[in-house]
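Handing you a structure now.
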Protein chains: 2
Amino acid sequence: MDPNTVGFTKHDHSHCISDAITAADRMCRDAGLQLTPVRKRALSILLEEHRALGAYDVLARLSEEGFGAQPPVAYRALDFLTKHGLAHKIERLNAFIACAHPNELHTPAFLICTTCHAVAEAETDPSHSLLSQIAETTGFTIARAVLEAEGTCPNCREKSAA
Amino acid sequence: MDPNTVGFTKHDHSHCISDAITAADRMCRDAGLQLTPVRKRALSILLEEHRALGAYDVLARLSEEGFGAQPPVAYRALDFLTKHGLAHKIERLNAFIACAHPNELHTPAFLICTTCHAVAEAETDPSHSLLSQIAETTGFTIARAVLEAEGTCPNCREKSAA
DNA sequence: GCCTCAAACGTTATGTTATTACATTCTTCG
DNA sequence: CGAAGAATGTAATAACATAACGTTTGAGGC
């Protein structure tokens, strides 16, 4: 399994930030979007932390670095990132996390460890799609969907067993 | 299709409230839980509205009826209901809705219509479970999960097509 | 190059959602 | 009855989010 696929395993974090920024740059250029300084910095903050951050956490870091200090500064940057698939909002936590699989069109599933508070983004198998099954049986047209699970990650499970 | 399974179809609402209350009463008695007046009233408010209500909406109605007027009154009642499967929180909306399938152990999927704001609780097929697939491939132990989809319900879709 | 216009940004103010903390009352059960 | 735990009420505050408005920036047409 690709270590980056599931965030509960150690991985080489040194390059993944710059790689992700580069990818975001390219994506925005190709799509005619402006990855402005605030937006880029907000993304890199999420990438650096590699966990779900509240909007006010991001705001605090942005304002320390000379960006505006008012909530809309953070919310607007985060809105941009989530709108264009560079980050996701974890509804359960009212928090934001950098997307682990940008580029790919995907419906992410999040696994939230209630012990260590890590959040992993798991890929769902589209061929197996629960969502299309639901859409079919109910006549509902799905625009966006979120799947969030709370529980215990492999690391914490191991520790508690020891 | 059972009209109550998917909330987008008309159904006989006159009895479903009292039936649900009766079922909740029995469930709590059997489980040794106290379905106190505030809790029961909070549940009936959710049932009457038959849609997702914010905690402060519920609070307003409770306080009108002589219950406490401070947020914890509503949050505690709603916590009780959600903890014991009588209601669910829709994270996407920061709102609460009475459970359409009490008794049954289930992982509900919610369909949120962005046009009429109706929320339906769809049953997921456990044998088909996306969640167990994820748990298996990641080693994550899932305690609770929420699946929420936004889109257009059959009724609104029909109207916009007309 | 320069003008125009829409997008992005900054700030003030306010709205909405949720929790902490603590005193009081009710229930259960020995 | 009396103790212990659960449930309730209230005050205060924390945490999350948006509306509204003026200013700045920079992309694209001329």
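Every chain is numbered from 1, with letters handed out A, B, ... down the list of sequences. All values below were derived from every heavy atom in this structure, side-chain atoms included, with hydrogens, water molecules and symmetry-related copies excluded.
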What's Tyr56(A) touching, base or sugar-phosphate or nothing? Going by heavy atoms closer than 4.0 Å.
base

Whole-Å distance, Leu53(B) CG to dT16(C) P, equals 15 Å

With nearest nucleotide decided by heavy atoms, which residue, Pro72(A) or Asp57(B), maps closer to the 5′ end of DNA chain C?
Pro72(A)

Short side-chain N/O contact from Thr36(B) to OP1 or OP2 of dT8(D), under 4.0 Å
yes

Salt bridge present between Glu48(B) and Arg41(B) (N-O < 4.0 angstrom):
yes

Could you grab the distance from atom CG of Leu62(A) to atom CG of Asp57(A), nearest 0.5 Å is fine?
11.0 Å

Between dA18(C) atom P and Leu78(B) atom CG, what is the distance in whole Å?
10 Å

Of the candidates dG9(D), dA17(D), dA18(C), the side chain of Pro71(B) sits closest to dA18(C)

Assign Arg76(B) to base, sugar-phosphate, or nothing according to its heavy-atom contacts below 4.0 angstrom with the strands shown.
base

Kindly work out whether a path of hydrophobic side-chain contacts (I/L/V/M/F/W/Y, heavy atoms less than 4.5 Å apart) joins Val146(A) to Leu111(A).
no

Do any side-chain nitrogens or oxygens of Gln70(A) fall under 4.0 Å of OP1 or OP2 in dG10(C)?
no

Among dT8(D), dT27(C), dT11(C), which nucleotide has an atom closest to any side-chain atom of Gln34(B)?
dT27(C)

Measure the distance from CG on Leu33(A) to C1' on dA7(C) and round it to the nearest whole Å.
12 Å

From CZ of Arg41(A) across to P of dC9(C) the rounded distance in Å is 15 Å

Interatomic spacing from NZ in Lys89(B) to CD1 in Ile97(B) - rounded to 0.5 Å
14.0 Å

Can you tell me the distance, in whole Å, between the CG atom of Leu62(A) and the P atom of dT11(C)?
12 Å

Rounded to whole Å, how long is the line connecting atom CG of Asp79(B) with atom C1' of dA7(D)?
13 Å

Identify, residue by residue, the members of residues 82-95 of chain B with a heavy atom below 4.0 Å from DNA chain D, and return them in order of residue number, or none.
none

Once you round to the nearest 0.5 Å, how far does CG of Leu59(A) lie from CD of Gln70(A)?
7.5 Å

Just how far is it from atom CZ of Arg92(B) to atom CD1 of Ile112(B), taken to the nearest 0.5 Å?
7.0 Å

Gap between atoms OH and C1', on Tyr75(B) and dA15(D) respectively (whole Å)
11 Å

Nearest-Å distance for atom pair NZ/C1', residues Lys40(B) and dT8(D):
17 Å

If you count the non-hydrogen atoms of other residues, nucleotides and ligands that lie under 6.0 Å from CD in Glu136(B), is the total more than 12?
no

